Trainee: 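Provided herewith is a single structure, encoded as structure tokens, for subsequent inquiry.
Labels below follow one simple rule: chain letters A, B, ... track the order of the sequence lines, proteins then strands, and each chain is numbered from 1. Being a predicted model, the structure only gives us computed values, none of them experimental.
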Protein chains: 2
Amino acid sequence: MPTARRTAAVTLHDVAREAGVSLATASRALNGSARTVNDEYRQRVLAAANKLNYTTNLSAQAVAKGSTTSVALLVGDIADPYFSSIAAGVIKGSEDAGLIVTMSVTERSSQRELELVRALRGQRPRVIILAGSRSSDEEHQAELARELEAFEANGGRVVFVSQHELPFDTVRIDNYGGARALADALVGLGYTRFAAISGEAALLTATDRLAGFTDGLAAHGIRIPDEHVVTGGFTRDGGFDGALELVDRGLDGVELIFAVNDVMAIGAMSGLRSRGIEPGRDIAIAGFDDIQTVRDVTPALTTVGIPLFEVGESALAVALRARDADAERDLSVATSVVLRASTPGLPAS
Amino acid sequence: MPTARRTAAVTLHDVAREAGVSLATASRALNGSARTVNDEYRQRVLAAANKLNYTTNLSAQAVAKGSTTSVALLVGDIADPYFSSIAAGVIKGSEDAGLIVTMSVTERSSQRELELVRALRGQRPRVIILAGSRSSDEEHQAELARELEAFEANGGRVVFVSQHELPFDTVRIDNYGGARALADALVGLGYTRFAAISGEAALLTATDRLAGFTDGLAAHGIRIPDEHVVTGGFTRDGGFDGALELVDRGLDGVELIFAVNDVMAIGAMSGLRSRGIEPGRDIAIAGFDDIQTVRDVTPALTTVGIPLFEVGESALAVALRARDADAERDLSVATSVVLRASTPGLPAS
DNA sequence: TTGAAAGCGTTACCAC
DNA sequence: GTGGTAACGCTTTCAA
């Protein structure tokens with residue numbers, strides 16, 4: 001049973017005393033870099049630390065060294081597979097580098113994002129990674145940039161995932177190109193009449209994908225009529241509602257619905273079904289991201305793959321690499337079209 | 001463009017000087033609790049802090065106060081919706097309480113879990129929340145308990161999610177009861193011949209659920225033959241493979257497959273399909289957890305619902321409540337059977 | 001209410 | 001190599 005009495009945590013001081021060496025030596029033996037300490041002493045210190053169940057006080061260490069071992073990660077919504085996959089990559093990379101990751105969620109609000117970055121600076125993390133920011137909100141962008149610049153000026157590193165409007169390192173996801181390639185492949189399958197479910201206009205990810213898709217179609221002389229483009233939340237429910245709205249507006253002739261991300265596409269499939277329209281048979285559907293579950297929905301979803309886990313790992317790698325003046329600030333990860341049963345080939349007409 | 005020159009971070013000292021007050025006053029104005037500082041001074045300090053873009057160095061504050069504002073969360077796999085939903089709850093609760101959450105993943109290894117707890121102690125978090133531990137591995141359990149007790153002895157709080165073998169506060173999920181209720185409901189639907197896909201024997205969550213299920217059936221005089229119980233990883237692929245193995249062993253007569261969690265159940269559905277068996281039509285299937293996506297797979301999955309987000313919030317609430325000697329250490333969250341299309345009612349025979 | 005100064009647990013510089 | 005000791009940035013007595 002855990003002791004009720006609260007004992008003081010054992011400090012390096014205690015360890016040093018126990019081992020019969022100086023504070024300095026104990027410090028060197030436990031955390032000091034090079035082997036500058038006599039092996040016998042080292043052993044004694046290690047033994048004492050172990051005996052006393054000592055653990056370095058990271059805060060104190062941070063104050064003394066002037067730097068921490070933490071990475072701050074900002075995501076829009078951790079329960080969204082897009083973000084949790086990226087987070088998994090960031091965490092993996094961090095643990096390999098001996099870093100601790102702290103995580104906050106912006107709830108996709110740039111207001112909240114700004115507040116969090118401000119608060120996070122107090123943590124003095126080595127790195128701040130912003131995933132799924134990409135708001136085009138002018139006012140907050142400027143404030144955010146100021147905050148982030150101050151952070152970098154003090155030696156911190158900033159990495160964005162996906163966005164490209166602020167002058168910081170970014171792991172860029174080729175949303176435009178991926179969507180464009182998807183459009184191309186779909187036309188190749190014989191589709192000619194499309195509808196789309198997009199996200200709020202302020203979300204760059206959504207607008208880039210939609211732009212890529214429409215441009216891809218345009219290259220084949222195809223246009224999506226305005227009334228066949230709806231906008232909704234970047235979530236499953238957003239997709240569900242978007243599909244309903246599309247149905248209400250009239251889907252006459254539409255052969256395929258493109259949702260700007262998989263979660264929305266999956267929601268859209270359920271939305272269509274709720275109206276008696278069977279995805280993959282009555283209408284084709286495609287998404288973006290290639291999250292795990294798209295393989296298990298019926299029909300399996302056509303989408304654009306992004307190596308999400310690697311994106312997370314790369315973000316950390318970028319942050320940790322030498323801060324080279326003329327290093328390329330952007331790292332691009334490739335996307336790839338994955339055709340599945342939700343977009344069966346159309347018979348040549 | 002971010003400055004290349006690295007400037008020293010602004011300290012409380014700078015703020016005090018700028019405001020023309022003492023260090024102590026600046027500290028009190030910025031972080032001190034009660035209003036013990038003259039309003040004019042307070043304003044001046046606030047203005048100075050704002051002007052200099054100051055943020056409190058949390059590490060230094062932690063050293064001085066002897067306590068941090070962080071919560072350490074351990075999960076098995078952040079990309080798993082079960083954990084990410086709980087994490088979302090923990091994060092929400094923490095942010096409301098002004099706490100920062102740091103997150104680590106154990107990869108479902110109790111070895112790794114132990115290492116992480118050791119490392120985490122250095123952080124001196126206010127709280128350590130262990131979600132999805134529940135290993136019955138004797139050796140690690142003892143070591144883990146020792147580590148956690150030391151942590152509590154120094155004033156930290158420990159909360160487990162779901163487990164119940166160690167003497168710490170826990171938000172208990174009624175895995176046994178939920179599975180039992182599920183079995184009951186299924187029998188009520190007319191099912192009599194079952195198979196199950198479980199997790200490794202060391203995973204208490206898996207064994208509890210299986211036990212509840214079999215006991216629930218037993219109450220109706222039904223037994224699952226040993227050859228119809230397979231074991232696999234606690235993941236989508238584990239479910240997929242489990243289904244294949246079941247098929248290979250011979251599914252003759254089996255009407256319903258129970259997978260001990262939704263992710264596995266969804267994998268199992270795909271596994272069955274890959275063998276030409278249509279879930280919901282040729283065979284029924286049920287899972288556990290009621291994660292978001294079970295609504296969107298076809299057929300929608302019958303499962304046992306757990307308020308995952310609330311579980312996360314509760315875990316934090318439990319950790320933050322007064323450390324009352326005779327407070328009930330366990331908080332139980334209810335589960336609820338949710339019948340969906342994957343288990344259609346059977347015609348009375 | 002305010003300021004001086006003594007910590008908090010580490011690290012790092014500087015002699016020895 | 002090793003030990004003393006001044007930082008690190010903050011909070012919190014303790015007097016004034």
Side-chain angles (χ1 to χ4, degrees), chain A residues 6-46 48-49 52-70 121-125 154-156, chain B residues 6-45 48-49 52-70 121-126 154-156:
Chain A
R6 172 166 177 171
T7 66
V10 9
T11 75
L12 189 56
H13 208 100
D14 303 323
V15 176
R17 183 157 17 76
E18 173 79 22
V21 301
S22 76
L23 227 197
T25 301
S27 171
R28 288 189 276 250
L30 256 16
N31 315 307
S33 44
R35 57 158 35 280
T36 168
V37 49
N38 178 305
D39 212 57
E40 191 203 320
Y41 278 10
R42 155 172 261 107
Q43 297 306 334
R44 265 205 271 160
V45 172
L46 260 31
L52 299 180
N53 207 350
Y54 168 80
T55 47
T56 305
N57 181 323
L58 261 29
S59 294
Q61 192 171 61
V63 175
K65 293 174 104 132
S67 75
T68 63
T69 57
S70 76
R121 280 185 54 206
Q123 239 184 93
R124 305 281 188 276
N154 296 338
Chain B
R6 172 165 177 171
T7 67
V10 8
T11 75
L12 188 56
H13 208 100
D14 301 325
V15 175
R17 184 157 14 77
E18 173 80 22
V21 301
S22 76
L23 228 196
T25 301
S27 170
R28 289 190 273 251
L30 255 18
N31 315 307
S33 45
R35 56 159 36 279
T36 168
V37 49
N38 179 305
D39 211 58
E40 189 203 322
Y41 278 8
R42 154 172 263 108
Q43 297 305 336
R44 265 205 271 160
V45 172
L52 299 181
N53 207 348
Y54 168 79
T55 48
T56 305
N57 181 323
L58 262 27
S59 293
Q61 192 170 61
V63 175
K65 294 173 102 132
S67 74
T68 63
T69 57
S70 75
R121 279 185 54 207
Q123 237 184 96
R124 303 281 187 277
R126 273 240 252 284
N154 296 339

Trainee: Given atom CG of Leu12(B) and atom P of dC8(C), what is their separation to the nearest angstrom?
Mentor: 19 Å
Trainee: For Gln123(A) and dC10(D), give me the distance from atom CD to atom C1', rounded to whole Å.
Mentor: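 Rounded to the whole Å, the gap is 17 Å.
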Trainee: Return the value, rounded to whole Å, for the distance between atom CG of Leu23(B) and atom P of dG7(C).
Mentor: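 Distance, rounded to whole Å: 17 Å.
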Trainee: So, is Asn31(B) near the phosphate of dC10(D), with a side-chain N or O under 4.0 Å from OP1 or OP2?
Mentor: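 Asn31(B) to dC10(D) OP1/OP2: no side-chain N or O under 4.0 Å.
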Trainee: In the structure I gave you, are the side-chain heavy atoms of Thr56(A) and Asn31(A) within less than 4.5 Å of one another anywhere?
Mentor: yes
Trainee: CG of Leu58(B) versus C1' of dT11(D): gap in Å, rounded?
Mentor: 13 Å
Trainee: Given the structure, check if the side chain of Arg28(A) and the base of dG3(D) hold any donor-acceptor pair shorter than 3.5 Å.
Mentor: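 Counting by modelled atom types and ignoring angles, a donor-acceptor contact under 3.5 Å is found here.
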Trainee: Could you please name the option among dT1(C), dT11(C), dT2(D) that lies closest to any side-chain atom of Ala64(A)?
Mentor: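 Nearest to the side chain of Ala64(A) among the choices is dT11(C).
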Trainee: Would you indicate, yes or no, if dC8(D) has its OP1 or OP2 atom less than 4.0 angstrom from a side-chain nitrogen or oxygen of Asn57(B)?
Mentor: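 For dC8(D), OP1/OP2 do not have a side-chain N/O of Asn57(B) under 4.0 Å.
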Trainee: Counting side-chain heavy atoms from CB outward, which of dT10(C), dT2(D), dT2(C) is closest to Asn38(B)?
Mentor: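 Comparing dT10(C), dT2(D), dT2(C) against the side chain of Asn38(B), the answer is dT2(C).
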Trainee: Which sits closer to the 5' end of DNA chain C, Lys65(B) or Gly20(B), going by the nucleotide each is nearest to?
Mentor: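 Its nearest nucleotide being more 5', the pick is Gly20(B).
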Trainee: Can a side chain N or O of Thr25(B) be found less than 4.0 Å away from OP1 or OP2 on dG3(C)?
Mentor: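 Yes, Thr25(B) has a side-chain N/O under 4.0 Å of OP1/OP2 on dG3(C).
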Trainee: Among dA12(C), dC10(D), dT12(D), find the nucleotide with the atom closest to the side chain of Ala24(B).
Mentor: dT12(D)
Trainee: Do the side-chain N or O atoms of Thr11(B) get closer than 4.0 angstrom to the phosphate oxygens (OP1, OP2) of dG9(D)?
Mentor: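 Indeed not, no polar side-chain atom of Thr11(B) lies that close.
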Trainee: Tell me the interatomic distance from Gln61(A), atom CD, to dG9(D), atom C1', rounded to whole angstroms.
Mentor: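 Distance check: Gln61(A) CD to dG9(D) C1' gives 16 Å.
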Trainee: Indicate yes or no: at least one non-hydrogen side-chain atom of Arg121(A) is less than 4.5 angstrom from one of Asn53(B).
Mentor: yes
Trainee: Rounded to the nearest 0.5 Å, how far does CZ of Arg124(B) lie from OG of Ser59(B)?
Mentor: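 Here the rounded value is 12.5 Å.
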Trainee: When the distance from CZ of Arg42(B) to C1' of dT1(C) is rounded to whole Å, what number comes out?
Mentor: 12 Å
Trainee: Just the rounded figure in Å: distance from P of dT10(C) to CZ of Arg124(A).
Mentor: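 From Arg124(A) CZ to dT10(C) P: 20 Å.
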Trainee: Taking C-beta and beyond as the side chain, do Leu30(A) and Leu46(A) meet within less than 4.5 Å on heavy atoms?
Mentor: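 A side-chain contact under 4.5 Å exists here.
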Trainee: Just compare dT10(C), dT2(C), dG9(D) and give me whichever is closest to any side-chain atom of Thr36(B).
Mentor: dT2(C)
Trainee: Determine: side-chain N/O of Ser27(B) to OP1/OP2 of dC10(D), distance under 4.0 Å, yes or no.
Mentor: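 False: Ser27(B) side-chain N/O out of range (4.0 Å or more) of dC10(D) OP1/OP2.
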Trainee: Starting from P on dG9(D), measure out to CG on Asn154(A) and report it in whole angstrom.
Mentor: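 Rounded to the whole Å, the gap is 11 Å.
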Trainee: Side chains of Asp14(A) and Tyr54(A): does their closest heavy-atom pair fall under 4.5 Å?
Mentor: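 No; the side chains remain at least 4.5 Å from each other.
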